[in-house]
Number of protein chains: 2
Amino acid sequence: MAVTLKDVAERAGVSRSAVSRTFTEGASVSAKTRAKVEAAAQELGYSPNALASSLTTGRTKLIGLVSNNFHNPLFLEVFDLFTRGLQERGLRPLLVNLSHETDPANSVRMLRQYSVDGVIVASSTLQPSFAEAFRDAGVPVVHSFGRYTTSPHVHVVGIDNIACGRMAAQALIARGHRRVAFMGGPEGATSTQDRARGFLDALATHPEIAVSVSYASAYSFDAGRAEMARLLQSDPAEAYFGGDDVLSIGALSAIADKGLQVPQDIGIIGLNDMAMARWENINLTTIRQPIPEIIAASIDLVVATIEQPDRHPETRLFPCRVIERGTLRPLPD
Amino acid sequence: MAVTLKDVAERAGVSRSAVSRTFTEGASVSAKTRAKVEAAAQELGYSPNALASSLTTGRTKLIGLVSNNFHNPLFLEVFDLFTRGLQERGLRPLLVNLSHETDPANSVRMLRQYSVDGVIVASSTLQPSFAEAFRDAGVPVVHSFGRYTTSPHVHVVGIDNIACGRMAAQALIARGHRRVAFMGGPEGATSTQDRARGFLDALATHPEIAVSVSYASAYSFDAGRAEMARLLQSDPAEAYFGGDDVLSIGALSAIADKGLQVPQDIGIIGLNDMAMARWENINLTTIRQPIPEIIAASIDLVVATIEQPDRHPETRLFPCRVIERGTLRPLPD
DNA sequence: AAGATATTTGCAACCGGTTGCAAAAACTTT
DNA sequence: AAAGTTTTTGCAACCGGTTGCAAATATCTT
């Protein structure tokens, strides 16, 4: 069925090497043979088998794209940018969904079987050890949306969650709130831990402001809604830092149910700036993560590591900024 | 670096074939050799190279998952279910993002280079010819969310958009609306054309009801919002069938801006039942597409076609149903 | 225990490509 | 036109596996 190198070689009346060379960047072929080969290839509808060639070249141009965030709408943007970014560089994303997978070893084995050139772990809720398992297997790996550490074992690209927590605190302080709170994602997620830490750090110098902290069970609408409903039962704070947009939108829904006005009765600031935050009927004040930059850097870094495997692990963090919308009262003049 | 068959064979003191056979389902190996080989493989950390074996077996277990819907939140659910469904069957999704791609031939060539066993085209806005290009190249293909035709050239799985249009019309008729309208997605999309057709068909037998039709420029929040804002400038209908949920949510935002109440002043019914439709602060009445069934059927069909390539193209359509929420007034008793 | 049968094993060729090397062909130089 | 250089070409081995076949081994009959 499939047309092979040999078929083209016979048709063009040249050796198999000649055909291989015409399809290899920078190989030595005369204009005449190239023309013959290209004509024959055209006629037969030949296109080289990438997998067969990977056997000798050692490169598949396959990149494992591993995530467990298939419920946070932000990740549709993430997948869009990753797939396009990889395609533009001639790389192919092999998608791995970890939603119901517990054993990282499984994914490592599978991706090794497919000889991926590199792996991008896109998740803020996976343990660092997960990405490290790939490194230990000798596969170049980047942990996107991962946690900053001073001596990382793998490349990490993301935001400084501690700084974001601080930024959120400052936004609430600047508005003169006296009772504020952090409503985090799942307590075990390092992203939530760091955001809480930055938030509390910034407020530590403001003893006049009352602070409290609670955690939703997941980064999801329902979890945010349930947690806010619980908080509203007894003496809520004036303003909340929601650990994530989708969580914050869930919280908004609980607030509306209770008949309270946002931002008059209660304020909220999210984190991510996902597409829905901009929707006018949600209009969430939030802290924007520069997703396109994070993804571009992740791709750069995985490509660089493929070319230079002993490259030292590095951390690239991008600055976030507050996006003013309608869920936090305006700054006093 | 990598451990190969040969390494394991030498270590275990057997032939390469013996090693290959221990890792091949149903091959003939004695318990004794199997044990020796497994021990050696364990010690060396060997796992077989899936791509090398694909060369002789002709199967890569790679499935091309092609889409251009990286902005409709519904598709995050779609990708979640596809990736998990494929993984459960030992298949690997190679993701292709067509968002900015115009030439199907490119994708066909690329997926052929990677010898994918089959392709799933997941899109309601791609031309049938796109999926057909794969079939013409001899690659088993299923068009998910595609259009029903009586004599399909490729497998199609989806919903009966005409029936859905009819269903939407009936929902509005049953509520006693006298002026209704269809606000479709891009006019060129076959899904929109069919939904419009069903909608108009059902209303044809109700000459007392005034009907109008208009189209948004895309299946997106902004397009829905802009189109509804335009409609509200002059004499809008009492109730709308929005061609899609995200479009309808955009429309809701324009309606709220105008200070109108839903469903009292204006009603809307969407289509898809994506996650956000359920969010209490959106609470969109809509028609549910049975996404999990569509995806399971798509996977079944692509697998069946891989095993039996000359299988006749078939169409599998799943029934939709109205999900009552808050954007359409209640049925009269 | 010999013969018949069934199972296991290794050899060698193959899958579809790439690549080092030496020979052949094409140019330069004088 | 001969000698020297450079470029192009094909051979053959290899990448990491699989598989048909015949030989070797094990198991079953009687």
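Judged purely by distance below 3.5 Å, without hydrogens or angles, the side chains of A:His155 and A:Thr305 pair a donor atom with an acceptor atom. In this model, no donor atom of one side chain and acceptor atom of the other lie less than 3.5 Å apart for A:Thr60 and A:Ser54.
Counting non-hydrogen atoms under 4.0 angstrom, A:Ser30 reaches the backbone sugars and phosphates but no base. Within 4.0 Å of A:Phe23, counting heavy atoms only, lies no atom of the nucleic acid at all. Nucleic acid contact class of B:Ser28 (heavy atoms, under 4.0 Å, all strands): base. A:Ser54 comes within 4.0 angstrom of nothing in the nucleic acid, heavy atoms only. Within the nucleic acid shown, A:Val19 has no heavy atom closer than 4.0 Å to any nucleic acid atom.
For B:Ala18, whose side chain is taken as the heavy atoms from C-beta onward, the closest listed nucleotide among D:dG17, C:dG10, D:dT18 is C:dG10. For A:Thr33, whose side chain is taken as the heavy atoms from C-beta onward, the closest listed nucleotide among D:dT8, C:dG17, D:dG17 is D:dT8. Comparing C:dT9, D:dG16, C:dT19 against the side chain of A:Ser17 picks out C:dT19 as the nearest. Checked against C:dT8, D:dG17, C:dG16, the side chain of B:Asn49 finds its nearest nucleotide in D:dG17. Listed candidates were C:dC15, C:dG17, D:dT18. Nearest to the side chain of B:Leu55 is C:dC15.
As rounded to whole Å, 13 Å separates atom P of C:dT18 from atom CD of A:Glu25. To the nearest angstrom, P of D:dG16 lies 18 Å from OH of A:Tyr114. Rounded to an integer number of Å, the gap from A:Arg34 CZ to C:dA26 P is 18 Å. What separates NZ of B:Lys36 from P of C:dT8 is a distance of 14 Å, to the nearest Å. As rounded to whole Å, 16 Å separates atom C1' of C:dT18 from atom CD of B:Gln113. Distance B:Arg59 CZ to D:dT19 C1': 16 Å, rounded to the nearest Å. When rounded to the nearest whole Å, the span between NZ of B:Lys32 and P of D:dA26 equals 6 Å. C:dC14 atom P lies 19 Å from atom CG of B:Leu5, rounded to whole Å.
Place B:Ser15 and B:Thr56 on DNA chain C by their nearest nucleotides, and B:Ser15 ends up nearer the 5' end. For the pair B:Val14 and A:Thr57, both in contact range of DNA chain C, the more 5′-proximal nearest nucleotide belongs to B:Val14.
Using a 4.5 Å heavy-atom cutoff, the side chains of A:Arg316 and A:Glu314 are in contact.
Around the NZ atom of A:Lys36, the shell of radius 6.0 Å holds more than 12 heavy atoms that belong to other residues, nucleotides or ligands.
No N or O donor and acceptor, one from the side chain of A:Arg16 and one from the base of D:dG10, sit under 3.5 Å apart. Residue side chain B:Arg21 reaches the base of C:dG10 through a donor-acceptor N/O pair under 3.5 Å, judged by distance alone.
Scanning both residues, A:Arg59 and A:Ile306, for their nearest heavy atoms gives NH2-O, 3.4 Å.
Using cut-offs of 30° and 60° for the angle between ring planes, the B:Tyr46 and B:Phe23 rings count as perpendicular.
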